[in-house]
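Worksheet: the structure to be examined is printed underneath.
Atoms considered below: every heavy atom in the structure, side chains included; atoms not considered: hydrogens, waters and symmetry mates. Every value quoted in this text rests on a predicted model; they were computed, and no experiment measured them.
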Amino acid sequence: KILKEGGAGGLHDEMSLLKSDHVKHLYFQELFKSGSLDARSSARAIGMAARQMSSDHYKAQVLAGLQEQVMRDEATRAAFLEAAGTIRSDHYRAQTLLAGLKSDKLSKEALVLALKGAGGISSDHYKTQVLLKVAESDFDDNAIRSAFVEAAATIGSDHYRAQALSAVLKRGDISKEALRSVLKAASGISSDHYKAQVLLDVAGGSLKDDTARSAFVETAATIGSDHYRAQALSALLSKSSNSKESLLVAVKATSGMSS
């Protein structure tokens, strides 16, 4: 009745007076079923859910109920991803962010919001899930890649951190600054296996910058295992672009090896 008489705007006004998240969720369902949502009213509905609903469960359900065609609008997608960042539950936040990342082409703003939302996830598992989804997108912007590496560096698990760092390295064409950030993040990995894995991925790309090569060797020198340290250094030494200084630093890094 409210929807017929006052349209989407009338229903929005009515929902703002409700206190129960469960009842609000039912109203949102009716609104979405009506098919009367345009980009503007969708953004308003998303904003209401973000600000006025405290239940992560119902908020995630409301956002999940948005029609796919409405999500094609970039402003709506941005509002959706921003709302996802207000969800406290790691599970529901990751689930909602992943839904917001379902698109063949995502804008820079959408990727920034997704990475910001991922940064607030405590679970290494869920955070990595979102980062790997971001890595599938066309994120050629250096600022996006740097933000990605910063988020990956907050992952405590060696396995998941290495997985996220390798994902961005395999995209190629990484900037010098982002590469140095990757190496810094890799140095914080305790596992020799996973640290070497990231370094091998680094060596598989372009290492023309002397600063990056030095950072590579410094990170390799923190590997305790002779096997993995040798593996990483050999990958670097096999590249023809090494300068005399880089070779000397690499040789010096072998001095701590017992084998």
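Hydrophobic clustering places Val23 together with Tyr58 (ILVMFWY residues linked when any side-chain heavy atoms are closer than 4.5 Å, directly or through intermediates).
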I would like to know whether Val130 and Leu101 meet side chain to side chain contact (heavy atoms under 4.5 Å, CB included); could you show each step before the answer?
CA-CA 9 Å; Val130 176; Leu101 289 168; 4.2 Å; yes
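Counting only distance, with no hydrogens or angles, the side chain of Lys133 and the backbone of Leu98 share no donor-acceptor pair below 3.5 Å. Using modelled atom types, one side-chain atom of Lys59 and one backbone atom of Ala50 make a donor-acceptor pair closer than 3.5 Å. A distance-only check finds no donor-acceptor pair linking the side chain of Ser234 to the backbone of Gln231 [under 3.5 Å]. With hydrogens and angles disregarded, no donor-acceptor distance shorter than 3.5 Å links the side chain of Ser103 to the backbone of Leu106.
Rounding to the nearest 0.5 angstrom, the gap separating the CG atom in Leu165 from the OG1 atom in Thr128 is 9.5 Å. Summarising the geometry, atom OG belonging to Ser20 is positioned 11.0 Å from atom NE2 belonging to His25; distances are rounded to the nearest 0.5 Å. Atom OG1 of Thr211 sits about 10.0 Å away from atom CD of Glu177, to the nearest 0.5 Å. Note that OG1 of Thr96 and CG of Leu66 are 10.5 Å apart. Values are rounded to the nearest 0.5 Å. Between Leu179 atom CG and Arg145 atom CZ the span is 11.0 Å, to the nearest 0.5 Å. For the atom pair CD of Glu109 and CZ of Arg77, the computed distance is 11.5 Å after rounding to the nearest 0.5 Å.
Counting only heavy atoms from C-beta outward, the side chains of Asp192 and His227 never approach each other to under 4.5 Å. Residues Asp73 and Ser42 fail the side-chain proximity criterion, which asks for heavy atoms closer than 4.5 Å. Residues Ile46 and Val62 are not in side-chain contact: their nearest non-hydrogen atoms beyond the backbone lie 4.5 Å or more apart. Counting only heavy atoms from C-beta outward, the side chains of Met48 and Lys24 never approach each other to under 4.5 Å. Side-chain contact between Phe80 and Leu113 is absent, with no heavy atoms from C-beta onward closer than 4.5 Å. Looking at Phe28 and Gln61, their side chains never come closer than 4.5 Å, going by heavy atoms from C-beta outward. Residues Asp201 and Val182 form no side-chain contact, since every pair of their non-hydrogen atoms from C-beta on lies 4.5 Å or further apart.
Arg88 and Ser54 get closest at one heavy-atom pair: NH2-O, 2.9 Å. When all heavy atoms of Arg161 and Ala185 are compared, the closest pair comes out as NH1-O, 2.8 Å. When all heavy atoms of Leu111 and Ser137 are compared, the closest pair comes out as CD2-OG, 3.4 Å. Considering all non-hydrogen atoms of both residues, Leu97 and Gly117 come closest at CD1-C, 3.7 Å. In terms of heavy-atom proximity, Asp21 sits nearest to Ser55 at OD2-N, 2.7 Å. Scanning both residues, Leu199 and Ala232, for their nearest heavy atoms gives CD1-CB, 3.9 Å.
For the pair Arg213 and Asp210, the salt-bridge criterion is met [side-chain N within less than 4.0 Å of a carboxylate O].
By the neighbour-count criterion of 12 heavy atoms within 6.0 Å, atom CD of Gln197 is densely surrounded, having more than that number from other residues, nucleotides or ligands. Surrounding CD of Gln29 are more than 12 heavy atoms belonging to other residues, nucleotides or ligands, all under 6.0 Å away.
Here the rule is side chain to side chain contact (heavy atoms under 4.5 Å, CB included) with Ser166, and of Leu132, Val198, Val202, Leu200 only Val198 fits it.
Using a 3.5 Å distance cut-off with no hydrogens or angles, the side chains of Ser107 and Glu74 do pair a donor with an acceptor.
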